[in-house]
There are 2 protein chains.
Amino acid sequence: MSDQLEQPSQTEQKIFEAARHIFQRKGLEGARMQEIADNADIHKSMLHYYYRSKEALFQKVYQLSIMKVMPEIVNLLNEEVSLELKIRKFVVKYIETIQANPDIPLFILHELNKDPNRLKQFIMGQVGKKVEPFLEELRQAAKEGRIVDMPPEQILVNILSLTVFPFIGRPVIQMILGYEGKDFDRFIEERRLLLPDYVINSILK
Amino acid sequence: MSDQLEQPSQTEQKIFEAARHIFQRKGLEGARMQEIADNADIHKSMLHYYYRSKEALFQKVYQLSIMKVMPEIVNLLNEEVSLELKIRKFVVKYIETIQANPDIPLFILHELNKDPNRLKQFIMGQVGKKVEPFLEELRQAAKEGRIVDMPPEQILVNILSLTVFPFIGRPVIQMILGYEGKDFDRFIEERRLLLPDYVINSILK
DNA sequence: ATATGTTTTGACCATATGGTTGACTTATAG
DNA sequence: CTATAAGTCAACCATATGGTCAAAACATAT
């Protein structure tokens, strides 16, 4: 059954999916190996058979989670299109990315907050440098009077905030706005359509 | 030494402060009772002497954390001033509130995400109803053409996002922008001054 | 000074939890 | 069919961790 491409076995996949779900929701310490096993509907020993330890399993989930959302920031901000279109596409695409993985942002931020050094170097170099061109682009646009005069770092954080926060703040938003059932999904749907205009209008002069 | 006002003893306070710090950074499961004790520089048994259990101690920290930031939303949005001034004051004051308790938002959101029911009723009624007037105010302003035409819920979330996210996303922001030392504090300082204008300009027509 | 109540300490307990090990089962190959 | 390897299971282990308890230390009042 083993392909040349070394496909992970079905149980291995089931384990990983369950681990991803549990870890992303509850964090490293909040997750129980037994719970992951139950969730994957396999015996607990299998977790250690396929992944050495809890730490190792967590590490895989953690890394994959980061890979799912961090490079997006870089890629989308480095596309070869006009500033306006770039921002529009970023907002929409990033919302869609997170919509498909809504637990990741809070997960990463919580883990990162516990131990900021965990992947400092891992990303620091990668992402940091690649965002600079976008900042420069904003700086240039500001100099030419095409956009509002504001430090580009603030603008970038504005865009990120407006895009990412709703997912992180979901429970509070639901609470405050009295959302139930599919209400929140509709809210996000609406937002995906409105936000690009809002962001652009708030930046362009 | 016990006043009429039943002041908590000094050790009790030390415990609570340490617990607050550890719980807010690491969450319920991430925190170790021993760690809290060490941090407070007292014997572990004291934790149980003053607070029955880990759960009880956590509960106090959790509730106090919520009380520090949730009612603010309501109060600041219900002040009797013009819409513009209200929003301006909200942004500034809320940033200041969180600046004084920077760990609270992520803490609450993480715990809430693990168990959304934990305080559903506790807040649901309290905050939910009290935000409605502000939404209505936005609705009215939109109808009169004074502000941009956008669902008020989206506007409220925009304001919250722009205000709160930078604190939650701190590690990522530091990473992306290459901030070190006091850089981030300066960034927040700058933001407190810029954001009110930005928010208002993005909403008013 | 003695008694009474409060605070602190250190030794100890019970259990949850991550992890191991060896036997059993199933698949794969010769 | 047999042998070898891969996968699965159940019982068990070691330890971390929340929690208890009785005795000591300290404070306070009579």
Side-chain angles (χ1 to χ4, degrees), chain A residues 1-64 107 110-111 114-115 118, chain B residues 1-64 107 110-111 114-115 118:
Chain A
M1 180 58 86
S2 70
D3 282 348
Q4 293 160 301
L5 296 172
E6 197 52 74
Q7 266 200 340
S9 74
Q10 198 168 341
T11 51
E12 191 171 346
Q13 278 180 250
K14 283 205 296 179
I15 291 172
F16 190 79
E17 277 313 301
R20 196 170 98 169
H21 184 239
I22 304 288
F23 276 136
Q24 286 183 355
R25 276 203 108 73
K26 310 203 170 182
L28 171 57
E29 292 89 347
R32 293 290 97 95
M33 292 298 264
Q34 188 60 58
E35 194 183 359
I36 293 172
D38 292 349
N39 205 278
D41 201 39
I42 53 104
H43 198 272
K44 197 188 74 166
S45 300
M46 290 293 91
L47 303 197
H48 294 91
Y49 180 76
Y50 286 105
Y51 306 85
R52 258 196 141 55
S53 61
K54 185 184 185 181
E55 183 66 28
L57 178 53
F58 171 81
Q59 217 56 254
K60 286 227 168 176
V61 171
Y62 192 42
Q63 254 156 261
L64 176 131
F107 170 60
H110 176 244
E111 296 299 330
K114 281 190 313 186
D115 177 7
R118 196 147 209 162
Chain B
M1 181 58 84
S2 70
D3 282 349
Q4 294 160 299
L5 296 174
E6 198 53 72
Q7 265 200 339
S9 72
Q10 198 167 342
T11 51
E12 192 172 345
Q13 277 179 253
K14 283 205 296 181
I15 290 171
F16 190 79
E17 277 313 301
R20 196 170 97 170
H21 184 238
I22 304 287
F23 277 136
Q24 286 182 356
R25 277 203 108 73
K26 309 203 173 183
L28 171 56
E29 291 90 347
R32 292 290 98 97
M33 292 296 265
Q34 188 60 57
E35 194 183 0
I36 294 172
D38 292 349
N39 205 278
D41 201 38
I42 52 101
H43 197 274
K44 196 188 74 167
S45 299
M46 291 292 90
L47 303 197
H48 294 91
Y49 180 75
Y50 286 106
Y51 307 84
R52 262 195 139 56
S53 61
K54 184 184 187 182
E55 182 66 28
L57 178 52
F58 172 81
Q59 216 55 254
K60 287 227 167 176
V61 170
Y62 191 44
Q63 254 155 261
L64 177 131
F107 170 59
H110 176 242
E111 296 299 331
K114 280 190 314 186
D115 177 9
R118 195 148 209 161

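A, B, ... follow the sequence lines: proteins, then strands. Residue 1 opens every chain.
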Just the table, please: protein N/O against nucleotides 23-27 of chain D N/O, every pair under 3.5 Å.
none

* To do: Report which part of the nucleic acid A/Tyr50 touches: base, sugar-phosphate, or nothing (heavy-atom distance under 4.0 Å, all strands).
  => sugar-phosphate
* Asked: CD of B/Gln13 versus P of C/dT7: gap in Å, rounded?
  -> 14 Å
* Set of side chain to side chain donor-acceptor pair (under 3.5 Å) partners for A/Ser53, sequence neighbours left out -> none
* Should the pair A/Glu111-A/Lys114 be classified as a salt bridge under the 4.0 Å nitrogen-to-oxygen rule? -> yes
* Asked: What do the steps show when you test A/Phe16 against A/Tyr51 for side-chain contact (heavy atoms from CB on, under 4.5 Å), and what is the final call?
  -> CA-CA 9 Å; A/Phe16 190 79; A/Tyr51 306 85; 3.5 Å; yes
* **Protein-to-nucleotide contact annotation, 5' to 3' order, nucleotides 9-23 of chain C [B base; S sugar-phosphate only; - none; under 4.0 Å, heavy atom]** => BB------SBBB---
* Structure fact -> note: B/Asp38, atom CG; D/dG18, atom P; distance rounded to Å ~ 12 Å
* Report the C-alpha distance between A/Glu55 and A/Gln59 in whole Å, list the side-chain angles of each, state the deciding distance to 0.1 Å, and finish with yes or no for side-chain hydrogen bond (donor to acceptor under 3.5 Å, both in side chains). => CA-CA 6 Å; A/Glu55 183 66 28; A/Gln59 217 56 254; 3.1 Å; yes
* Quick one: NZ on B/Lys14 to CE on B/Met46, what's the gap to the nearest 0.5 Å? -> 11.5 Å
* Could you tell me whether the side chain of A/Arg32 and the main chain of A/Glu29 form a donor-acceptor pair under 3.5 Å? => yes
* Would you say a side-chain N or O of A/Tyr49 is under 4.0 Å from OP1 or OP2 of D/dA6? -> no
* **side-chain hydrogen bond (donor to acceptor under 3.5 Å, both in side chains) between B/Ser9 and B/Tyr50, worked out** => CA-CA 10 Å; B/Ser9 72; B/Tyr50 286 106; 3.2 Å; yes
* To do: Would you confirm whether B/Lys54, through its side chain, and B/Leu28, through its main-chain N or O, come within 3.5 Å as a donor-acceptor pair?
  => yes
